[in-house]
Amino acid sequence: MIVRIATEGQYRLPDEDAERLNDLDNDAVAAVVADDEDRFHEVFEQMLDLVRADGSPLGDDELEESDVILPPPDTSFVEAAAEFTGEGLIPD
Amino acid sequence: MPGMSGRMSTVIKAKINKLLDRAEDPGETLEYSYQKQMELLQNVKKGIADVVTSKKRLQLQQQKLEQQVVKLDTQARQALSQGREDLARTALERKQFAQDELQSLDQQVAELESQQASLIEKEQKLRGKIDQFRTKKEVIKAQYSAAEASVKISEAASGVGEEMADVGMAMQRALDKTENMRARANAMDELEAAGAFDDNLQLGTGGDDIDRELHELTSQSQVDDDLAKLKAELGSGTTPDQPSLGSGEQERPA
């Protein structure tokens, strides 16, 4: 599976990581909903670490569409709250 | 999609796809798509140039502030040696203010430097993907039937399109941050124009706006410490580095 960390790059990950990544993703959104900034950063860092540690970077000559795209690593809690909860979801 | 049914990755993917759709109308011809990729590459170069310009400007301010710190320190010594503690205090307050600004400038310059490096890396990556796209489209055109080629090309295009959207996002974030710093740099220039770091220290008129602002901004205790240190230095008889400027007028009557 191909995972992109937005503004950073693409990685190729074993498919087994998908479930773990989804769980963490759900936890991250739950932390945002619960207004728990520390928890959000903790979980988000775990996601980034998982992708960077388990994945191998895609070469510049590979043209692949990502299966999963994570937010930019420097996403702030305020941005996350605006993007991932309530009416901020899929803004037009 | 109401409430919290979304995962972060789903939301971000939708966002990227939206950027991608704008950049990559399926009806566009190959050459037009390729041309758009080259345009974006030019934009990224411009974005990098903007970051460099902002950085240079901040570095110029750093230099000015460093000179001011030295100058104000000398002035404080001179004032104190002439028994003008009030003047010395004002000079030290301004020095403290300049030092605080300097510290925050250091941070901003470091941040711009890392943004510059990351944009340069992105530019190279995008260039690699575009090259690959160019090669691939020629191969595909030669090897596949029209129908197959169209599918293959659209796969390759979505790969490079996603990269384009991502570079666009990285550039936007870098420029947003640069914009904030630029506003701050402007404010600094205005402060300077208003004489916040002026050498002509004049007291006795009850203090101007800048002085009042300075009093609020600076940490008073730090200034007290500096003043005490200076007094100790000047009063201890050793007078390690007596300011050489204007030494002929040292004994000016108060």
Side-chain angles (χ1 to χ4, degrees), chain A residues 1-10 13 17-19 21-34 40 43-44 47-48 50-51 57-77 79-92, chain B residues 1-20 24 37 111 114-115 118-119 121-137 140 152-174 176-177:
Chain A
M1 126 178 117
I2 309 285
V3 178
R4 177 186 290 279
I5 299 176
T7 75
E8 182 174 306
Q10 287 173 296
L13 261 75
D17 282 338
E19 201 178 328
L21 213 50
N22 276 340
D23 287 347
L24 286 170
D25 197 334
N26 289 336
D27 287 353
V29 174
V32 171
V33 171
F40 165 74
V43 175
F44 187 39
M47 292 177 86
L48 297 173
L50 176 67
V51 173
L58 241 64
D60 289 356
D61 58 352
E62 292 185 75
L63 292 173
E64 298 281 348
E65 196 176 350
S66 305
D67 301 300
V68 175
I69 303 179
L70 300 186
D74 62 348
T75 299
S76 70
F77 186 66
E79 280 178 310
E83 296 273 5
F84 308 124
T85 62
E87 68 272 24
L89 209 66
I90 322 274
D92 275 310
Chain B
M1 204 186 278
M4 50 165 299
S5 62
R7 292 196 173 110
M8 291 198 302
S9 48
T10 320
V11 178
I12 288 291
K13 191 147 205 292
K15 199 170 180 173
I16 291 268
N17 280 337
K18 225 164 81 171
L19 289 171
L20 201 149
E24 206 82 47
Q37 293 167 19
E111 196 179 322
S114 86
Q115 277 174 19
S118 125
L119 281 182
E121 197 189 314
K122 295 245 88 177
E123 188 206 342
Q124 281 165 355
K125 204 177 274 181
L126 179 63
R127 195 183 293 276
K129 302 263 185 203
I130 291 175
D131 281 349
Q132 187 57 25
F133 178 76
R134 184 177 45 209
T135 314
K136 209 162 196 163
K137 76 182 166 67
I140 290 168
K152 294 269 170 201
I153 285 287
S154 95
E155 279 169 13
S158 63
V160 74
E162 187 188 301
E163 190 69 24
M164 286 167 70
D166 192 53
V167 172
M169 189 189 262
M171 198 165 59
Q172 194 53 52
R173 287 175 84 78
D176 285 351
K177 283 181 189 162

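Each chain gets a letter, A, B and so on, in the order its sequence line appears, and its residues count up from 1.
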Original post:
Does A:Asp74 pair with B:Lys177 as a salt bridge, N-O distance under 4.0 Å?
Top reply: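 Salt bridge present between A:Asp74 and B:Lys177.
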Spatial distance of atom [atom1] ([X]) from atom [atom2] ([Y]) [nearest 0.5 Å]:
X        : Y        : atom1 : atom2 : answer
B:Ile12  : A:Leu70  : CD1   : CG    : 8.5 Å
B:Ile130 : A:Asp60  : CD1   : CG    : 11.0 Å
A:Leu58  : B:Lys125 : CG    : NZ    : 9.0 Å

So for [X], is it side chain, backbone, both, or neither that comes closer than 4.5 Å to the heavy atoms of chain B?
X       : answer
A:Asp27 : neither
A:Pro72 : side chain
A:Ala28 : side chain

Original post:
So, for B:Met169 and A:Ala6, which heavy atoms are closest and what is the spacing to 0.1 Å?
Top reply: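 The answer is SD-CB, 3.9 Å.
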With a 4.5 Å limit on heavy-atom distance, are the side chains of [X] and [Y] in contact?
X       : Y       : value
A:Glu83 : B:Met8  : no
A:Val68 : B:Lys13 : no
A:Ile69 : B:Ser9  : no

Side chain [X], main chain [Y], donor-acceptor under 3.5 Å:
X        : Y       : answer
B:Lys129 : A:Leu63 : no
A:Asp25  : B:Arg7  : no
B:Glu162 : A:Ser66 : yes

Subject >> When A:Arg4, A:Glu8, A:Glu64 are compared by non-hydrogen pairs under 4.5 Å with chain B, the top option >> reply: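 Highest number of pairs under 4.5 Å: A:Arg4.
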Original post:
By a 4.5 Å heavy-atom criterion (distance strictly below it), what part of B:Arg173 contacts chain A: side chain, backbone, both, or neither?
Top reply: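 It is the side chain, since no backbone atom gets that close.
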Subject >> Those residues that, when tested against B:Arg134, pass side chain to side chain donor-acceptor pair (under 3.5 Å) (two or more places apart) >> reply: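 Listed in chain order: B:Tyr34, B:Asp131.
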Original post:
With sequence neighbours excluded, what pairs up with A:Phe44 under the ring-ring contact (aromatic ring centres under 6.0 Å, His included) test?
Top reply: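 A:Phe44 satisfies ring-ring contact (aromatic ring centres under 6.0 Å, His included) with A:Phe40 once adjacent residues are dropped.
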Original post:
Does B:Glu121 CD have over 12 foreign heavy atoms under 6.0 Å away?
Top reply: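 No.
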